[in-house]
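Basis for what follows: all heavy atoms, side chains included, without hydrogens, waters or symmetry-related copies.
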Amino acid sequence: MTATYDEFGLFHQNAEEWGLPFDGPPTVRRDAVEFEPGRTVSSLVWGDAPPEVVALHGGGQNAHTWDTVALALGLPLVAIDLPGHGHSDATDTLFSPRDYAVAVEVAVRALAPDARLVMGMSMGGLTAIALAARAPDLVRALVLVDVVPTIDPARVAPIGEFLNGPERFTSFDELLARTMKFNPTRTESSLRRGILHNAVEREDGTWVWRHQRQWTPRDERPAAGGLAIPDYSSLWDDLAAVEAPTLLLYGTTEQSIITDEILAELEQRRPGTAAVGVADAGHSIQGDQPVVLAQVVTDFLTGLGSAGLA
């Protein structure tokens with residue numbers, strides 16, 4: 001093996017990198033829930049108490065993207081691997097947010113039916129919107145991380161280029177080098193850790209991503225760095241109908257996919273939705289500024305509690 005991997009043995013690195021206290025390994029387990037015959041959704045369950053937070057990752061990511069946030073929050077939490085990602089079973093077709101929401105609803109009802117908040121980043125945020133529409137009893141509060149139903153092709157292009165890259169890498173170092181190229185603001189140690197969670201080494205020594213390949217070949221879908229931008233605009237109606245308190249967190253760097261025009265559209269379509277910009281963060285705020293994200297979520301939950309909404 002090029003790199004030794006212990007899924008539950010890296011949390012001390014998250015804590016050290018972000019200056020968080022670490023008294024020993026946290027209580028975390030894997031749990032799987034069948035969402036259709038023969039196929040399961042896998043989740044990381046943090047803590048022994050009933051989960052208060054449900055976390056949904058973005059496309060091409062996995063539940064471990066929330067590790068530092070979970071450590072900083074210190075709350076019982078469930079981080080779900082979307083179908084075809086992480087340790088969840090793959091699907092015959094690529095899922096849309098509404099398709100993902102069907103599987104996520106099954107997992108949340110089984111593992112976190114009384115959660116106070118559902119937060120989702122990117123594809124996970126769109127899935128959270130769809131979940132709120134189909135199962136409002138499960139979404140008592142909603143946090144969207146750098147996503148709304150309008151997608152700016154120019155801002156999303158680098159993401160498409162990264163996800164539409166090689167299907168196989170000759171070595172871990174090759175995979176790490178490409179990941180560092182597309183994530184210049186992240187430390188090498190954090191990206192190395194992320195790859196170990198999100199890729200596997202084959203018997204021949206090559207490396208592949210754990211997630212289902214999301215995009216068709218570049219020559220078939222040339223726009224936006226090889227990424228075909230789906231139309232998620234129908235989710236605006238779902239978001240407008242969400243009665244749960246809602247917060248958007250967006251990065252303030254050019255790596256964010258939220259523009260001023262999109263913020264204006266959010267205010268027009270769902271007036272009064274709270275929006276908080278996170279400095280020195282791009283699209284993956286949970287990776288760029290996880291401690292800040294955790295503090296904003298904590299403050300949001302505190303505010304809900306004081307308002308008698310929790």
### Task
Determine yes or no for a side-chain-to-main-chain donor-acceptor pair under 3.5 angstrom, with Thr127 supplying the side chain and Met123 the backbone.
yes
### Summary
So ring pair (Phe, Tyr, Trp, His ring centres under 6.0 Å) across residues 7-29, not counting sequence neighbours, yields Phe11-Trp46
### Task
Please examine the side chains of Val54 and Leu111, heavy atoms only from C-beta on, and report whether any two atoms are closer than 4.5 Å.
no
### Task
Please name the residue in the list Val147, Leu82, Leu126 that meets the side-chain contact (heavy atoms from CB on, under 4.5 Å) test with Pro97.
Leu126
### Task
Go through the side-chain N and O atoms of Glu17 and Thr187 and say whether any donor and acceptor fall under 3.5 Å apart.
yes
### Query
How about Val296 and Val143: do any of their side-chain heavy atoms sit closer than 4.5 Å?
no
### Task
Apply side chain to side chain contact (heavy atoms under 4.5 Å, CB included) to Leu56 and Val104, showing your working.
CA-CA 9 Å; Leu56 306 176; Val104 168; 4.0 Å; yes
### Task
Starting from the C-alpha separation in whole Å, work towards a yes-or-no answer on side chain to side chain contact (heavy atoms under 4.5 Å, CB included) for Leu131 and Leu142.
CA-CA 10 Å; Leu131 177 67; Leu142 176 63; over 6 Å; no
#### Entry: Nearest heavy atoms of Arg270 and Ala244, plus distance in Å
NH2-O, 3.2 Å
### Query
Any chance the side chains of His57 and Asn62 put a donor and an acceptor closer than 3.5 Å?
no
### Query
Regarding Gln61 and Ser284, is there a side-chain donor-to-acceptor distance under 3.5 Å anywhere?
yes
### Message
Under a 3.5 Å cutoff, is there a donor and acceptor pairing between the side chains of Ser43 and Asp31?
### Response
no
### Message
So Ile129 and Leu144, do their side chains get closer than 4.5 Å, heavy atoms only?
### Response
yes
### Task
Report, as yes or no, whether the 6.0 Å neighbourhood of atom CG on Asp137 holds more than 12 heavy atoms from other residues, nucleotides or ligands.
yes
#### Entry: Cluster check Tyr5, Ile195: I/L/V/M/F/W/Y, side chain < 4.5 angstrom
yes
### Query
Of the non-hydrogen atoms in Glu265 and Thr150, which two are nearest, and what is the gap between them?
OE1-OG1, 2.8 Å
### Query
With no hydrogens and no angle check, do the side chains of Arg155 and Thr259 hold a donor and an acceptor under 3.5 Å apart?
no
### Tyr100-Val102 co-clustered via ILVMFWY side chain contacts under 4.5 Å
no
#### Entry: Any side-chain heavy-atom pair of Leu138 and Val118 under 4.5 Å
no
### Query
Can you tell me how far CD of Glu52 sits from CZ of Arg140, rounded to the nearest 0.5 angstrom?
11.5 Å
### Task
Could you check if a side-chain atom of Val53 sits within less than 4.5 angstrom of a side-chain atom of Val69, using non-hydrogen atoms only?
no
### Message
When you compare the side chains of Asp204 and Thr206, does any donor N or O come within less than 3.5 Å of an acceptor on the partner?
### Response
yes
### Query
How long is the gap from CD on Gln286 to CG on Asp146, to the nearest 0.5 Å?
9.0 Å
### Verdict with supporting geometry, Leu249 and Val292, side chain to side chain contact (heavy atoms under 4.5 Å, CB included)
CA-CA 10 Å; Leu249 276 72; Val292 174; over 6 Å; no
### Gap between atom CZ of Arg186 and atom CG of Asp288 - 0.5 Å precision
6.0 Å
### Task
Consider only side-chain heavy atoms of I, L, V, M, F, W and Y, link residues closer than 4.5 Å, and tell whether Val208 and Leu196 are in one cluster.
no
### Point-to-point distance, once rounded to the nearest 0.5 Å, from CD1 of Ile80 to CH2 of Trp66
11.5 Å
### Query
Less than 4.5 Å apart, any side-chain heavy atom of Leu73 and any of Thr298?
yes
### Query
Can a donor-acceptor pair be found between the side chains of Asp299 and Thr302 at a distance below 3.5 Å?
no
### Task
Over all heavy atoms of both residues, which pair between Ile285 and Gly251 is shortest? Give the atoms and the distance, please.
CD1-N, 3.5 Å
### Task
Please confirm whether the backbone N or O of Asp280 pairs with a side-chain atom of Thr253, one donor and one acceptor, at under 3.5 Å?
no
### Task
Return the orientation label for the Phe169 and Trp209 ring planes: parallel under 30°, perpendicular over 60°, tilted otherwise.
perpendicular
### Message
To check you understand the geometry: which heavy-atom pair defines the closest contact between Ala15 and Pro21, and what is its length?
### Response
CB-O, 4.4 Å
## Note on the structure
Output for pair (Leu247 CG, Met119 CE), nearest 0.5 Å, gives 11.0 Å
### For Glu7, the option from Arg30, Arg193, Arg210, Arg29 that meets salt bridge (Lys or Arg N to Asp or Glu O under 4.0 Å)
Arg30
### Task
Using the side chain to side chain donor-acceptor pair (under 3.5 Å) rule, take Ser234 and Arg98 through it: C-alpha gap first, then chi angles, then the decisive distance, then the call.
CA-CA 11 Å; Ser234 66; Arg98 289 194 175 95; 3.0 Å; yes
### Query
How about Phe172 and Trp207: are their ring centres within less than 6.0 Å of each other?
yes
### Task
Can you measure from OG1 (Thr273) to CG (Leu266) and round to the nearest 0.5 angstrom?
4.5 Å
### Task
Run the salt-bridge test on Arg109 and Glu105 with the 4.0 Å N-O cut-off and return the result as yes or no.
yes
### Task
Measure across Ala141 and Phe300 and return the closest heavy-atom pair with its distance rounded to 0.1 Å.
CB-CE2, 4.1 Å
### Message
With heavy-atom distances below 4.5 Å as the criterion, would you say the side chains of Val297 and Leu293 are in contact?
### Response
yes
### Message
Do Pro245 and Leu304 have side chains that approach each other closer than 4.5 Å (heavy atoms only, starting at C-beta)?
### Response
yes
#### Entry: Donor-acceptor under 3.5 Å (Asp81 side chain, Ala63 main chain)
yes
#### Entry: Any donor-acceptor pair under 3.5 Å from Asn198 side chain to Gly194 backbone
no
### Query
Taking atom CD of Glu254 as the centre, does the number of heavy atoms from other residues, nucleotides or ligands within less than 6.0 Å exceed 12?
no
### Message
If you apply the rule side chain to side chain contact (heavy atoms under 4.5 Å, CB included), what do you find for Leu301 with Arg116, and how did you get there?
### Response
CA-CA 8 Å; Leu301 283 171; Arg116 299 172 61 197; 3.9 Å; yes
### Query
Where is the tightest heavy-atom contact between Glu34 and Gly38, given as atom of each residue plus distance?
OE2-N, 3.0 Å
